[in-house]
Amino acid sequence: MSNPPTKVKPPTLASMFTLFAKYRPTLNSFQGDGKRILLSQSDCWMQQADLISSKHFTLTQTGLTFFEFRKSTLDYEEYLQFLTLLCNESQADLEEVKEKLTNCGPPGINS
């Protein structure tokens with residue numbers, strides 16, 4: 001008797017945030033529990049989603065926008081604000097950016 005096929009849930013922005021927030025935490029005091037994301041993790045995520053380019057954002061833009069929050073990590077709600085600010089500053093389409101971040105695959109996958 002074969003098992004029924006398991007339904008794979010499509011990724012959501014929130015589920016991808018958790019995966020990348022757990023990926024390679026770089027601060028010794030930061031555990032990478034998936035609830036807060038570092039700038040380095042966000043940049044890694046954006047690079048994997050092909051958002052670090054002349055068409056979208058530079059690492060300088062992501063850094064300056066991230067530091068406007070005056071925190072070393074952002075939770076999911078703050079990250080949504082970060083994306084909104086970043087897109088507003090660079091005239092990028094927020095929905096397109098969210099879609100790319102949602103569909104770029106788990107951390108470490110090079111498509």
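Residue numbers start at 1 and run along the sequence shown.
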When Leu101 is tested against each of Met16, Gln48, Glu96, Met46 for side-chain contact (heavy atoms from CB on, under 4.5 Å), which residue passes? Met46
Does Thr65 reach the main-chain N or O of Thr62 with its side chain, forming a donor-acceptor pair under 3.5 Å? no
Shortest non-hydrogen contact between Phe17 and Asp75, atoms and distance: CZ-C, 3.7 Å
Identify, with sequence neighbours excluded, every residue that meets ring-ring contact (aromatic ring centres under 6.0 Å, His included) alongside Phe66. Phe82
Got a second to check how far Leu51's CG is from Ser42's OG, nearest 0.5 Å? 9.5 Å
Taking the side chain as C-beta and beyond, is there a heavy-atom pair between Thr73 and Lys35 under 4.5 Å? no
For Gln47 and Ile52, indicate whether the former's side chain and the latter's backbone hold a donor-acceptor pair under 3.5 Å. no
Classify the ring geometry of Tyr79 against Trp45: parallel below 30°, tilted from 30° to 60°, perpendicular beyond 60°. parallel
Does Leu39 reach the side chain of Phe67, with side-chain heavy atoms less than 4.5 Å apart? yes
Within this structure, what is the CG-SG distance for the pair Leu19 and Cys104, rounded to the nearest 0.5 Å? 9.5 Å
Are Gln81 and Leu74 close enough that some pair of their side-chain heavy atoms sits under 4.5 Å apart? no
Are the side chain of Gln41 and the backbone N or O of Tyr23 linked by a donor-acceptor pair below 3.5 Å? yes
Evaluate side chain to side chain contact (heavy atoms under 4.5 Å, CB included) for Gln61 paired with His56, printing each intermediate quantity in order. CA-CA 10 Å; Gln61 285 174 304; His56 290 94; over 6 Å; no
Answer yes or no: are there more than 12 heavy-atom neighbours, outside Glu99 itself, under 6.0 Å from its atom CD? no
Please determine whether residues Phe69 and Leu64 belong to a single hydrophobic cluster, defined as Ile, Leu, Val, Met, Phe, Trp and Tyr linked transitively by side-chain heavy-atom distances below 4.5 Å. no
Derivation of the side chain to side chain contact (heavy atoms under 4.5 Å, CB included) call for Lys98 and Leu80: CA-CA 9 Å; Lys98 286 180 176 179; Leu80 293 176; 4.3 Å; yes
Do Cys87 and Asp93 come within less than 4.5 Å of each other through their side chains, counting heavy atoms only? no
Contact summary for Phe57 and Ala92, nearest pair of heavy atoms: CE2-CB, 3.8 Å
